[in-house]
There are 2 protein chains.
Amino acid sequence: MDNVTLARYEARAQIAKALAHSTRLFIIDELSRRDICVCDLTEMIGADISTVSKHLTILKSAGLVQGRKHGAQIFYRLRCPCVLGFFGCMESVLKSVAEGNACCVA
Amino acid sequence: MDNVTLARYEARAQIAKALAHSTRLFIIDELSRRDICVCDLTEMIGADISTVSKHLTILKSAGLVQGRKHGAQIFYRLRCPCVLGFFGCMESVLKSVAEGNACCVA
DNA sequence: TGGCGATTTGGGAATATTGCCAAATGATGG
DNA sequence: CCATCATTTGGCAATATTCCCAAATCGCCA
């Protein structure tokens, strides 16, 4: 695997890593419904606000969300709704594993 | 976030984690073209065979690939081709980040 | 059965991630 | 300017991941 190819896969892996945490998946799911500020997300999640902020930083670095200032608050929004398609795929995988049968065909 | 909801997100995160490594993304990409045995994958990747075997174990535990014995070799195959859709999404994200414009709309 | 090639497992060191606290920064209104 | 609320950053301990080597296992054939 040459360096260019490797770099391509690492860039992709960075996005997958951003999705590889339950809290961040929750955030994306909620942001798919509406834009939410950090303090509201923090309350929903129940973790320290600095923890939530760092999760948002990871999602932002991956290009998945975007922050927009509104007064002292910062509202986050989903930048790439296509990731939601992946949620559906994850559900089919989980379902097929649970049932022991084949997975989605395409 | 109640426990049931959390468990659901953690199950999904497990799948995202399986995709969160360049080597494993490479493996999935190759397996989308044809079934390949561990030794061939090892040669393509250029890592220790035990490392490749562990990557395959992670993908298998996530329900993404499946091994099939053929003599002494084990051929792996993609169990859930729907993950390939995520590859396309990752490319749009990367492209939109590079160009600084909006991402995929759906 | 014995030996060989293919694969997995165990173990451990290097590295990365997670999540809290404390402190710094930013924005707003008095 | 000062106080206050919202958010980010720094730092650190706990935990998880990665990857090599060595050893164990598995399947086949002589």
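All heavy atoms count here, side chains included; hydrogens, waters and symmetry mates do not. We name chains A, B, ... by the order of the sequence lines, and we start the count at 1 in each one.
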Peer 1: B/Asp40 CG to C/dA6 C1': how many Å, rounded?
Peer 2: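 Rounded to the whole Å, the gap is 11 Å.
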Peer 1: Looking at B/Arg24, B/Arg79, B/Lys54, which hits side chain to side chain contact (heavy atoms under 4.5 Å, CB included) with B/Leu59?
Peer 2: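 Output: one option passes, namely B/Arg24.
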Peer 1: Tell me yes or no: SG of A/Cys103 and SG of B/Cys80, less than 2.5 Å apart?
Peer 2: yes
Peer 1: Would you say that A/Cys37 contacts A/Leu41 through its side chain, given a criterion of any heavy-atom pair below 4.5 Å between the two side chains?
Peer 2: no
Peer 1: Would you find a donor on one side and an acceptor on the other, under 3.5 Å apart, between the side chain of A/Ser61 and the backbone of A/Thr57?
Peer 2: yes
Peer 1: For DNA chain D, find the residues of residues 43-73 of chain A with a heavy-atom distance under 4.0 Å and give them by number; none if there aren't any.
Peer 2: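 The stretch gives A/Ile49, A/Ser50, A/Ser53, A/Lys54, A/Ala72, A/Gln73 as the residues lying under 4.0 Å from the strand, ordered by number.
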Peer 1: Any luck finding a side-chain donor-acceptor pair between B/Arg8 and A/Ser22 under 3.5 Å?
Peer 2: no
Peer 1: Using a 4.0 Å cut-off on heavy atoms, which residues in residues 9-24 of chain B reach DNA chain D? List them by number, or say none.
Peer 2: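 Contacts with DNA chain D under 4.0 Å: B/Lys17, B/His21, B/Arg24.
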Peer 1: Between D/dA6 and A/Tyr76, is there an OP1 or OP2 to side-chain N/O distance shorter than 4.0 Å?
Peer 2: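 Result: no.
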Peer 1: Can you confirm whether B/Phe87 sits close enough to B/Leu25 that some side-chain heavy atom of one is under 4.5 Å from a side-chain heavy atom of the other?
Peer 2: yes
Peer 1: What is the distance, to the nearest angstrom, from the CZ atom on B/Phe26 to the P atom on D/dT18?
Peer 2: 17 Å
Peer 1: Quickly work out the A/Phe75 CZ to C/dA27 P distance and round it to whole Å.
Peer 2: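 Rounded to whole Å, this separation is 16 Å.
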Peer 1: Check the orientation of B/His55 and B/His21. Use parallel for under 30°, tilted for 30 to 60°, and perpendicular for over 60°.
Peer 2: tilted
